[in-house]
Structures are given as C-alpha cells and as structure tokens.
Amino acid sequence: MKDEKKFPKVSAIVLCIICFSCFCSEWIMNHDPLYLNLDHIGEPPSGEFFFGTDTMGRDVFSMIWYGGRVSLLIGFLSAFLSFVIAILYGGISGFSSKWLDHFLMKVLDLVLSIPSILLVLFLQAVMSNHSILSITITISLTSWFPMAKMIRTEVRQLRKENYVLIAKQTGASFFYLLRVHFLPNVLPSILFMMITNIGSAIASEATLSFLGIGLPIEQVSWGTMLSRGDQALLANEWWLIVIPGFFLIVVILCITAIGNYFREETITKCSNLSYQHNRKIRKKF
C-alpha cells in the first residue's frame, strides 16, 4: 500500500496567517491605504514605507493587507456561490428522470465547450457596475460546471441506496433528501474542488482587473494593484509588481496544495473501497 500523503501544514499555516492579517488589517496597517500622499509618489521600500508607495503615493504595505481582504472575500464568496449552484443543478440532474438528466447534461457539456475566460469576460462586460458583488457573481456563474457534473454522478449512485428509497417512500422532499442524505455523502468527494475554486476565483479577479474590466482602480485589491504593472515597469518601480504578485502567488499555491491533498485523500478512499469490495467478491467465489 502506498503511504498516505501528509497534510500540507506549512501551506495551511501560511494561508491562515495571511487571511488573518488581511481580515484584521486595521491592527497591522501603519498608513491609510486610501490616502493619496503626493509628497511620496513612487518611493521604494524604506523604514517609513515598508513596501514602498505606488504612483499615487499610497502605502503599498497597508494596501497589501487592505486589498487582500477584498481579493480573499471575492475568492471565498465565489467558491461558496458556485458550490450552491453546483449542488442544486447536479442534484436536480442526478435525481431527475432519464430524459431530463440527459438534457441537463447536454446543456452543461455545451457550456463547458466554451472557454471559461470568454464567459467571464462576456458576463463582466455585460454588467455595467463593476463592483465586488458583480465580480463575485460573474466568477461564481462560470466556475460551477465541473463540480455539478461530479455531484450529478454521486447523486445518481446514492439514489439507489436503501435509505434513500425508504425516505422517498415516506414522502421526503427533494430538498430534504439533498440536505440530509446527498450533501453529507457528496461533500467529501468535492471538497478539493471547492478549495481549488477559491484560488481560481482570486486569480480570476486579478486577471479581470489587469484587463481593465475588474474592480475600479480606486478599489484596492491585489488585482487592481497589479493592473498598473505596465506603468510600474516603465517607471522601474519593481515593488508595485513583485510584492502584490508574491502574495497572490503564495495564496494560490497554498490553496492548491491543500486542494491537492483532499483530492489525493478522495482518490485513496475510493481505491480502498474498491479494493475491499473486490476482496469480498473474491471470498464469495
């Protein structure tokens, strides 16, 4: 048997420290992240400004923690909303009749054939108000498709279990079955997808801001800080790209490491169940 993969403690600790620092940024910031200090425009890192200042004189150190709260909020909210949509769509498809299930999966396959970045760009361009809420909705509406397919497969298998059949015969509703019987059994299988979606949402917010259709420049986030990277390169202000980019990459790598751990755990559990099932079959014969 292969050794079980160890939980990435370092990634979890680093991620917790960054998240705590961002959501408690008032205790860490030494300057107002929104204050335009025209006397200190484009200054490199120093004792007064630990991470330097940007092209508008704002303190980058304070902006990192203040803006990280926005980026992380978008990531977590988008992942949660995409999970809700996926569990509803996948649950309805897996629990419905054969023809409706076939139709819903064909629609999903059609949407999956379109590159996700194009869907994100289209929805964000349609929305006139580029706010935290609009970007969260846009990302969540374009990141639930693979999760829904996995949920549908799990539900199709669970619907044949005796306890589900008994609950249906006693008049249990779809939402009762989804909440009591399906969700607890499906959640461990898709946990890694939920975690990975957080990192993907954070990266999508940064991409949209870099392309100029994300948050407005006055709204501080890691994405908006990187959106002026071309100007920073021309002015040789490397800290405006390296520092927010470093935090963005570290968070995404930590989330990916944790997601990969749960993915390996899911694969290992499925392999063990299959192994035990095959042993029982061989014993019968």
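Quick note: numbers below take in every heavy atom, side chains included, and nothing from hydrogens, waters or symmetry partners.
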Honestly curious: do [X] and [Y] fall in one hydrophobic cluster under the side-chain, below-4.5 Å linking rule?
| X | Y | answer |
| --- | --- | --- |
| Phe182 | Leu100 | yes |
| Leu15 | Phe76 | yes |
| Leu77 | Val84 | no |
| Phe175 | Val186 | yes |
| Trp99 | Val155 | yes |

Using a distance-only test with no angle check, is there a side-chain donor-acceptor pair under 3.5 angstrom linking [X] and [Y]?
| X | Y | answer |
| --- | --- | --- |
| Glu205 | Ser221 | yes |
| Thr53 | Glu43 | no |
| Thr153 | Gln157 | no |

Would the distance check show the side chain of [X] and the main-chain N or O of [Y] forming a donor-acceptor pair, the cut-off being under 3.5 Å?
| X | Y | value |
| --- | --- | --- |
| Ser134 | Ser131 | yes |
| Thr142 | Thr138 | yes |
| Arg156 | Gly94 | yes |
| Asp101 | Ser97 | no |

If you define the side chain from C-beta out and look only at heavy atoms, does anything of [X] sit under 4.5 Å from [Y]?
| X | Y | answer |
| --- | --- | --- |
| Ile17 | Ser21 | yes |
| Trp144 | Leu108 | yes |
| Asp54 | Met63 | yes |
| His40 | Glu48 | yes |
| Leu208 | Val120 | yes |
| Leu123 | Ile137 | no |
| Ile255 | Ile202 | yes |
| Leu88 | Ile85 | no |

Nearest heavy atoms of [X] and [Y], plus distance in Å:
| X | Y | result |
| --- | --- | --- |
| Met194 | Ala79 | O-CB, 3.8 Å |
| Pro33 | Arg58 | O-CD, 3.3 Å |
| Pro244 | Trp239 | CD-O, 3.5 Å |
| Leu104 | Tyr89 | O-OH, 2.7 Å |
| Leu178 | Pro184 | O-CD, 4.5 Å |
| Ala201 | Ser78 | CB-CB, 3.8 Å |

**OP:** Hey, can you tell me if Phe61 and Phe50 have their rings parallel, tilted or perpendicular (30° and 60° cut-offs)?
**Re:** perpendicular
Original post:
When the ring planes of Trp222 and Phe247 are compared, do they come out parallel, tilted or perpendicular, using 30° and 60° as the limits?
Top reply: tilted
Rounded to the nearest 0.5 Å, what's the gap from [atom1] on [X] to [atom2] on [Y]? Could you check?
| X | Y | atom1 | atom2 | result |
| --- | --- | --- | --- | --- |
| Met225 | Leu248 | CE | CG | 11.0 Å |
| Arg263 | Ile195 | CZ | CD1 | 12.0 Å |
| Phe83 | Ser140 | CZ | OG | 14.0 Å |
| Ile135 | Ile74 | CD1 | CD1 | 5.0 Å |
| Ile151 | Leu158 | CD1 | CG | 11.5 Å |
| Lys9 | Ile258 | NZ | CD1 | 13.0 Å |

Subject >> Result of checking Asn197, Leu141, Thr136 against Leu81 for side chain to side chain contact (heavy atoms under 4.5 Å, CB included) >> reply: Thr136
Subject >> Residue of the set Ile64, Val60, Asp59 for which side chain to side chain contact (heavy atoms under 4.5 Å, CB included) holds with Ser62 >> reply: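 Running side chain to side chain contact (heavy atoms under 4.5 Å, CB included) over Ile64, Val60, Asp59 with Ser62 returns exactly one hit, Asp59.
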**OP:** List the steps, then state whether side chain to side chain contact (heavy atoms under 4.5 Å, CB included) holds for Val250 with Ile18.
**Re:** CA-CA 9 Å; Val250 167; Ile18 293 177; 3.9 Å; yes
Subject >> Atom CZ of Phe103: over 12 foreign heavy atoms under 6.0 Å >> reply: no
Original post:
So does Phe145 have more than 12 non-hydrogen atoms from other groups sitting under 6.0 Å from CZ?
Top reply: yes
Original post:
side chain to side chain contact (heavy atoms under 4.5 Å, CB included) between Thr55 and Glu237: does it pass, once the steps are laid out?
Top reply: CA-CA 9 Å; Thr55 55; Glu237 297 171 348; 3.5 Å; yes
Original post:
Does the gap between the ring centers of Phe192 and Tyr261 come in under 6.0 Å?
Top reply: no
**OP:** Could you walk me through whether Cys19 and Leu72 pass the side chain to side chain contact (heavy atoms under 4.5 Å, CB included) test, one step at a time?
**Re:** CA-CA 8 Å; Cys19 290; Leu72 291 171; 3.9 Å; yes
Subject >> Arg69/Glu26 salt bridge by N-O under 4.0 Å criterion >> reply: yes
Subject >> Test side chain to side chain contact (heavy atoms under 4.5 Å, CB included) applied to Trp65 and Trp27, step by step >> reply: CA-CA 10 Å; Trp65 307 116; Trp27 302 345; over 6 Å; no
